[in-house]
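Take a look at the structure below.
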Amino acid sequence: MAGKVVGVLALQGDYERHVRALEAAGAQAVEVRTAAELAATDGLVLPGGESTTMLKLLHRESLFAPLRAYGETKPIFGTCAGAILLATHVTSPEQESLGIMDIDVQRNAYGRQLDSRVVTLPSTLGDLEAVFIRAPIIRAAGPSVHVLATYNGDPVLAEQGRHLVATFHPELTADPRVHAYFLSKL
Amino acid sequence: MILNEEYRLKVGLAEMLKGGVIMDVVTPEQAVIAERAGACAVMALERVPSDIRRDGGVARMSHISLIRGIMGAVSIPVMAKARIGHFTEARVLEALSVDYIDESEVLTPADEEHHIDKRDFKVPFVCGARNLGEALRRIGEGAAMIRTKGEAGSGNIVEAVRHMRTIVKEMRQLTVLGHEELMAEAKRHQAPFELIEWVAKNGKLPVPNFSAGGIATPADAALVMQLGAEAVFVGSGIFKSENPEQFAKAIVKAATYYKDAHKVLEACEEIGESKAMVGLEISKIADGELMQTRGW
């Protein structure tokens, strides 16, 4: 990991919290808003935020195709909206996605903000405090997806090869383990 | 401090809105246009501030059918406004499950001394502020997001700039003081001591700090972001412009790329020759009609 640079897609959302979390886990983190900035990184985080907003900016700023190509060789970690962008199929409502992880995701699947919650979950990384905010649910995962944690029986932390998704927000806690695990994939 | 689990969830949603544009909408159709343009949330209301200003009279919480229609039309978060101190309107909006409540000076205040006790709610609140003391009093009451007030419905950025500069400067000043000087600062700002201490240590508010009130162009949005806003609220600026969809898209772009003048230039070009909303000179607004002075 030494000398590696991790980007955080900074079109919209809690990218600043991810930069801080990555730095706390020992990485050099930079904000990414253009294809040139993307090309200068060794791994990328897609933060929480509004997936519709990010999707629109990805298209308007011609970042959609470069991002999809990036995922073919470099690791990407998506949280919440980022997990939605990485999915193969998105519902409620249907929307386009990068198709980098073999997962089906339902947006805002727990309900509105009043249904947001903080829970403690067992995971392969140990017990994690999981902050869910208007979170999606992974409704189906392909055979090559490895589930690291579940909540109410649904996967909430999962990996497929070099890529990682969380439907909750490890960047909103002081616990660096999930980010550190992503960094181990660089 | 008030950073319990529920408060973290409230602030957490505000974190998700950062770098984005929250747009005022008065119909489900406008909400769809806003979402399609890239808004990260919408504010559902019956009249945009410039129309409230024009019409006069008492401005209240919107009709429920209208808010419900907007909630059904989009998948992004929906906020709605309650009058200052009107905790019953707020309870109604909470029962409706809106995602955020704006206890807003744009509506006619219901209480001229007290704001809503926001800690007592599960739904998060955003409140306006003109200076650090006002921001910290609102946070002390439980607000999970602050927006500078500016002057709503004016189409004039000058008040938004004044308020953002004031808050940022007052925070910076606290960071250079000794701990023994902070109680006098708490007294001067009329703010809770613990929050003054927190700001002195961290140099920022403990909740996200957004900008509102007078943003009418992509350059306005980029300006307040450069001054320290973490996201922008655009009220009348979009749907009172000549081409709302173009303005909405261009302002979204400018809010994301606020540091990159070439991208802001592109955003300015995207609106072509469409006219922005008509602006008001603040000195021409009668004192009694200023919205920013509402709130205590």
Side-chain angles (χ1 to χ4, degrees), chain A residues 8-18 20 31 33-34 37 47-61 63 79-82 84 90-95 106-109 111-120 129 131-136 168-169 171-174, chain B residues 4-22 34-42 71 73-79 93-101 121-124 144 204 208 230-231 248-250 252-253 255-260 262-263 266-267 270:
Chain A
V8 181
L9 189 71
L11 298 179
Q12 193 273 319
D14 72 335
Y15 48 84
E16 186 207 332
R17 297 298 292 257
H18 272 290
R20 273 195 266 160
E31 293 177 4
R33 291 183 179 82
T34 64
E37 288 168 352
E50 279 307 311
S51 61
T52 55
T53 303
M54 293 182 208
L55 194 57
K56 273 154 188 124
L57 285 164
L58 285 177
H59 277 299
R60 282 178 212 154
E61 302 304 322
L63 285 166
T79 63
C80 197
I84 295 169
V90 179
T91 55
S92 101
E94 294 227 358
Q95 72 182 32
Q106 181 190 350
R107 293 181 57 208
N108 300 330
R112 305 195 72 95
Q113 171 64 9
L114 288 175
D115 304 296
S116 294
R117 61 197 75 183
V118 180
V119 297
T120 301
E129 187 185 37
V131 182
F132 292 94
I133 295 174
R134 286 174 48 95
F168 57 95
H169 295 281
E171 74 279 11
L172 294 184
T173 70
Chain B
N4 58 26
E5 198 157 278
E6 206 157 87
Y7 197 65
R8 274 173 58 201
L9 284 174
K10 292 173 175 176
V11 175
L13 180 56
E15 294 280 348
M16 299 309 143
L17 301 174
K18 280 187 180 177
V21 182
I22 301 145
E35 184 177 51
R36 205 163 56 212
C40 66
V42 290
M71 288 167 71
V74 294
S75 63
I76 55 180
V78 175
M79 304 185 179
L93 293 173
E94 182 177 55
L96 181 63
S97 293
V98 300
D99 295 298
Y100 240 93
I101 295 174
F121 286 72
K122 193 155 187 263
V123 67
K204 60 197 279 292
E230 295 173 301
K249 282 165 83 168
V252 166
K253 179 168 180 156
T256 292
Y257 293 99
Y258 66 95
K259 286 185 247 182
D260 182 341
H262 292 282
K263 290 281 193 183
E266 283 174 27
E270 281 174 18

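Every chain is numbered from 1, with letters handed out A, B, ... down the list of sequences. All values derive from a computational prediction rather than experimental measurement.
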Practice prompt. For B/R8 and A/E129, run salt bridge (Lys or Arg N to Asp or Glu O under 4.0 Å): C-alpha distance rounded to whole Å, both residues' side-chain angles, the deciding distance at 0.1 Å, then the answer.
Written response: CA-CA 12 Å; B/R8 274 173 58 201; A/E129 187 185 37; 3.2 Å; yes

So which residue, [options], ends up with the most heavy-atom pairs under 4.5 Å with chain A?
options: B/C40, B/A231, B/P124, B/P208; value: B/C40
options: B/E35, B/K249, B/K10; value: B/K249
options: B/A39, B/A255, B/G20, B/S97; value: B/S97

Between [X] and chain B, with a heavy-atom cut-off of 4.5 Å, which part of the residue counts as in contact: side chain, backbone, both or neither?
X: A/V131; value: side chain
X: A/I133; value: side chain
X: A/L57; value: side chain
X: A/R112; value: both

Look at the side chain of B/E15 and the backbone N and O of A/G13, then say whether any donor-acceptor pair between them is shorter than 3.5 Å.
no

Has the side chain of B/Y257 got a donor or acceptor atom that lies under 3.5 Å from a matching backbone atom of A/R33?
yes

Okay, B/E230 and chain A: the region with an atom under 4.5 Å from a heavy atom over there is side chain

Bottom line for B/V21: the part with an atom under 4.5 Å from chain A's heavy atoms is neither

In short, A/L11 meets B/T256 closest at the heavy-atom pair O-OG1, 2.7 Å

CD of A/E31 to NZ of B/K259, rounded to nearest 0.5 Å, is 4.5 Å

Side chains of A/L172 and B/M16: does their closest heavy-atom pair fall under 4.5 Å?
yes

Derivation and outcome, side chain to side chain contact (heavy atoms under 4.5 Å, CB included), residues A/E61 and B/K263: CA-CA 10 Å; A/E61 302 304 322; B/K263 290 281 193 183; 2.6 Å; yes

(request) Kindly indicate, with the supporting measurements, whether the criterion side chain to side chain contact (heavy atoms under 4.5 Å, CB included) is fulfilled by A/R60 and B/K253. (result) CA-CA 9 Å; A/R60 282 178 212 154; B/K253 179 168 180 156; over 6 Å; no

Q) When you look at A/R134 and B/D99, which way does the salt bridge (Lys or Arg N to Asp or Glu O under 4.0 Å) test go after all the steps? A) CA-CA 9 Å; A/R134 286 174 48 95; B/D99 295 298; 3.0 Å; yes

| For A/T52 and B/S75, what are the C-alpha separation, side-chain angles and deciding distance, and is it a side chain to side chain contact (heavy atoms under 4.5 Å, CB included)? | CA-CA 9 Å; A/T52 55; B/S75 63; 4.0 Å; yes

Side chain to side chain donor-acceptor pair (under 3.5 Å) filter on A/Q95, not counting sequence neighbours, yields A/S51, A/R107

